[in-house]
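What you see is a predicted model; the values in this text were computed from it and never measured.
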Amino acid sequence: MNKTLLTIALLAMPLPALADKLDSLKEQGFARIAIANEPPFTAVAADGSVSGAAPDVAREIFQRLGVPEVVASISEYGAMIPGLQARRFDVITAGLFMKPERCAAVAYSEPVLCDAEALLLPKGNPKGFKSYADIAADSTAKIGAPGGGTEEKLALEAGVPRDRVIVVPDGQSGVKMLQDGRIDAYSLPVLSISDLMAKAADPNLEMFAPVVGAPVYCDGAAFNKDDTALRDAFDVELAKLKASGEFAAIVEPYGFSAAAAISTSRAQQCGE
């Protein structure tokens, strides 16, 4: 084989660092993660320590894969995918929600953090509401939602009459109307309802999420397209974490719904 053909053949072969990415991370002892300082997805304390739901999940999974540490770099969202492609870091764990164009550019894991529609309800969900259609089917039920928002639109599309969709000006008003019995459910995204519940500290309220039949928006850990073996290994441990209940223990204190992440898939989010 002449030198030109030999060079072409060598260039066509996968580099060991790419082919055995997990092994190289184990050897160096850490994975480089890209984050944005945006609680509750990611957070950086004054002493530089990194927390937030996404890094906490990634840290646990990498430890299970034999990579003891994660080292975080703060990045703007628009710079994350180019940085990943340029191998300035190994994975994005930053609440970078899946969209078809992003799915074409990176190798996403299965869903990690999801924001979905939620219902704030009286404790015990006495009317058994799990969907906007359930509310539509109860001729006496009223639902509160922000005027002109997604939740109002979804309720109307599900058949809730206009006079039973009550426009609520703000979150605190929605909680008060539910407490006073003026509405039977209040709908907002999971993170918003979680925040309201934390502030209200009312044991007579509970959240149901995700609303059945409503959209779910999720991120996943995003890997370089050449690192699908590493992504697949990450997915195996993520599935174990979800099945054991440990995943919920990590993400739910931050206000995320573990059920929402478990209820959907990368294929659904990416439109595969």
Among Tyr77, Phe256, Tyr254, which residue meets the ring-ring contact (aromatic ring centres under 6.0 Å, His included) test with Phe41?
Phe256
Side-chain contact, heavy-atom cut-off 4.5 Å: [X] with [Y]?
X	Y	result
Arg102	Phe97	yes
Val50	Arg59	yes
Ile166	Arg182	no
Ser75	Ile92	no
Leu113	Val251	yes
Asn204	Pro122	no
Val216	Gln268	no

Applied to residues 147-159, the side chain to side chain donor-acceptor pair (under 3.5 Å) test, sequence neighbours excluded, yields Glu152-Arg162
Sidechain-backbone polar pair: [X] side chain, [Y] backbone, donor-acceptor under 3.5 Å:
X	Y	answer
Asp134	Phe129	no
Asn37	Val44	yes
Thr264	Ala261	no
Arg88	Arg32	no
Arg266	Met98	no
Asn224	Leu84	yes
Gln269	Asp219	no

To check you understand the geometry: which heavy-atom pair defines the closest contact between [X] and [Y], and what is its length?
X	Y	value
Leu238	Pro111	CD2-O, 3.8 Å
Ile250	Pro253	O-CD, 3.5 Å
Ala260	Ala116	CB-CB, 4.2 Å
Lys130	Phe208	O-CE2, 3.4 Å
Ala209	Ala259	O-CB, 4.0 Å
Val190	Asp115	N-OD1, 3.2 Å

Pair Val67, Leu22 - check side-chain contact (heavy atoms from CB on, under 4.5 Å), show working.
CA-CA 8 Å; Val67 183; Leu22 180 54; 4.0 Å; yes
Is there a path of hydrophobic side-chain contacts, each under 4.5 Å between heavy atoms of I/L/V/M/F/W/Y residues, joining [Y] to [X]?
X	Y	answer
Tyr186	Ile143	no
Val106	Val91	no
Ile35	Val112	yes
Met207	Tyr132	no
Ile262	Leu241	no

Asp227 and Arg231 ion-paired at < 4.0 Å
no
Give, for atom [atom1] of [X] and atom [atom2] of [Y], the distance between the pair rounded to the nearest 0.5 Å.
X	Y	atom1	atom2	value
Leu119	Asp184	CG	CG	11.0 Å
Ser187	Leu121	OG	CG	9.0 Å
Tyr217	Glu117	OH	CD	6.5 Å
Asp180	Ser173	CG	OG	10.5 Å
Ile74	Ile33	CD1	CD1	10.5 Å
Asp226	Gln85	CG	CD	10.0 Å

Residues, nucleotides or ligands: over 12 heavy atoms within 6.0 Å of [X] [atom1]:
X	atom1	result
Glu76	CD	no
Lys142	NZ	no
Lys99	NZ	no
Lys127	NZ	yes

Taking it one step at a time, do Leu25 and Leu230 satisfy side-chain contact (heavy atoms from CB on, under 4.5 Å)?
CA-CA 10 Å; Leu25 293 181; Leu230 176 60; 3.8 Å; yes
Determine, stepwise, if the pair Thr93 / Val57 fulfils side-chain contact (heavy atoms from CB on, under 4.5 Å).
CA-CA 9 Å; Thr93 60; Val57 170; over 6 Å; no
According to disulfide (SG to SG under 2.5 Å), does anything in residues 35-141 pair up with another residue at least two apart or in another chain? List the pairs.
Cys103-Cys270, Cys114-Cys218
Taking the six-membered ring for Trp, are Phe234 and Phe62 closer than 6.0 Å centroid to centroid?
yes
Could you go through the side-chain contact (heavy atoms from CB on, under 4.5 Å) check for Val175 and Asp202 one step at a time?
CA-CA 10 Å; Val175 171; Asp202 185 345; 5.8 Å; no
